[in-house]
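What follows is a single structure, written as structure tokens, with notes after it.
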Amino acid sequence: MPDASARRIVLTGAAGGIGTMIRPLLAPLYPGLVLSDRVAPANLQPTERFVAAELTRPDEVAGLVAGADSVIHLGGHSVEGPWNAILQANIIGCYNLFEAAREAGVRRVVFASSNHAVGFYPRSRRIGPDVTVRPDSRYGVSKAFGEALAALYSDKHGMGVTCLRIGNVGPRPIDVRRLSIWISPEDLVQLIRIGLEHPEIRFEILYGASDNAASWWDNARAHALGYRPTGRAEDHRVHAEAQQARIGPDPIGDRFQGGSFCSAEFSNDPTRAGA
Ligand code: 15L
């Protein structure tokens, strides 16, 4: 692996919520970082390099990743949405990204998957990275698709890919559900560094969560790869519970890990949902 300062690493989705939180943390680690999104982040710094690219345009994505050795792929539609929006950004866009990366000889991809790929597991169940996907939304299905693409490009083309099933990124957990799935920006950057740098990476699915006592996820593989989260959701429990009291109950969403992504548009018998 070339020296970090010599590496051209592309960050898609740089203007989005997570991109905005981690840009300042990535900048000193990877001086060759290239930021990308459809439009430049409002607070782009003079020291930051930005290349506009539309993920649905294969030519633009190919231009973006040319000469890159790694990609951190956060770009796409980041919540539930109409099928066409998900299809364009997260299915076609994700395919375009992996295919352009293969053609450009990109060696490492860190893919921002989501807890919503497995959102229909009940909160009573502890799951590891090897469970069958149980998406809770069209968005969750698109993240499962991205994980499948990642496996294909790893097995067939030797790309080292790390899928991070990200919980909820922010300075602190914002409700009771997030006490289980919260991840600090610093801990997310730790996981991204593992994906970019750890010599053993072939295909990995890791959970993007801090050191949360109420976690539903077995993240032993991340720990085996050196992950040492410093964020602790319990330190913020009082705040999270106060916020939860303002939200109120969600009889379906509160049973499942994906929360309101599960209850939205739900028309099943609750006892027949989930695993
Ligand atoms: C996600 O995958 C979304 O991108 C984010 O907006 C949150 O909804 C998060 O999951 C969550 O589950 O809290």
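In listed order, ligands and their atoms are each counted from 1.
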What closest approach, in Å, do Asp136 and Gly258 show between heavy atoms, and which atom pair accounts for it?
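Nearest pair, atom of Asp136 first, then Gly258: OD2-CA, 3.3 Å.
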Of Lys143, Arg165, Arg177, Gln257, which meets side chain to side chain donor-acceptor pair (under 3.5 Å) against Asn115?
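With Asn115 as partner, side chain to side chain donor-acceptor pair (under 3.5 Å) holds for just one option, Arg177.
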Taking Ser70 as the fixed residue, which of Arg7, Arg107, Arg8 is the one that meets the side chain to side chain donor-acceptor pair (under 3.5 Å) rule?
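Filter result, single survivor: Arg7.
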Close-contact set for ligand 1 against [X] heavy atoms, below 4.0 Å:
X	result
Arg177	11 (C), 12 (O), 13 (O)
Asn115	10 (O), 11 (C), 12 (O)
Val79	6 (O)
His116	1 (C), 2 (O), 9 (C), 10 (O), 11 (C), 12 (O)
Ser114	1 (C), 2 (O)
Phe261	8 (O)

Keeping the roles fixed (side chain from [X], backbone from [Y]), state whether a donor-acceptor pair exists under 3.5 Å.
X	Y	value
Arg108	Gly195	yes
Thr12	Leu74	yes
Ser180	Ala214	yes

Has Arg178 got any heavy atom lying under 4.0 angstrom from an atom of ligand 1?
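Yes.
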Answer yes or no for Gly167: is there a heavy-atom contact with ligand 1 below 4.0 Å?
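Within the 4.0 Å threshold, so yes.
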For atom 7 (C) of ligand 1, the protein heavy atom that lies nearest, with its residue and separation:
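That would be Asn168 ND2, 3.6 Å.
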Identify the protein heavy atom lying closest to atom 4 (O) of ligand 1, giving its residue, its atom name and the separation to 0.1 Å.
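The answer is Ser78 O, 2.5 Å.
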Below 4.5 Å, heavy atoms only, C-beta onward: do Leu225 and Ile201 meet side chain to side chain?
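In contact.
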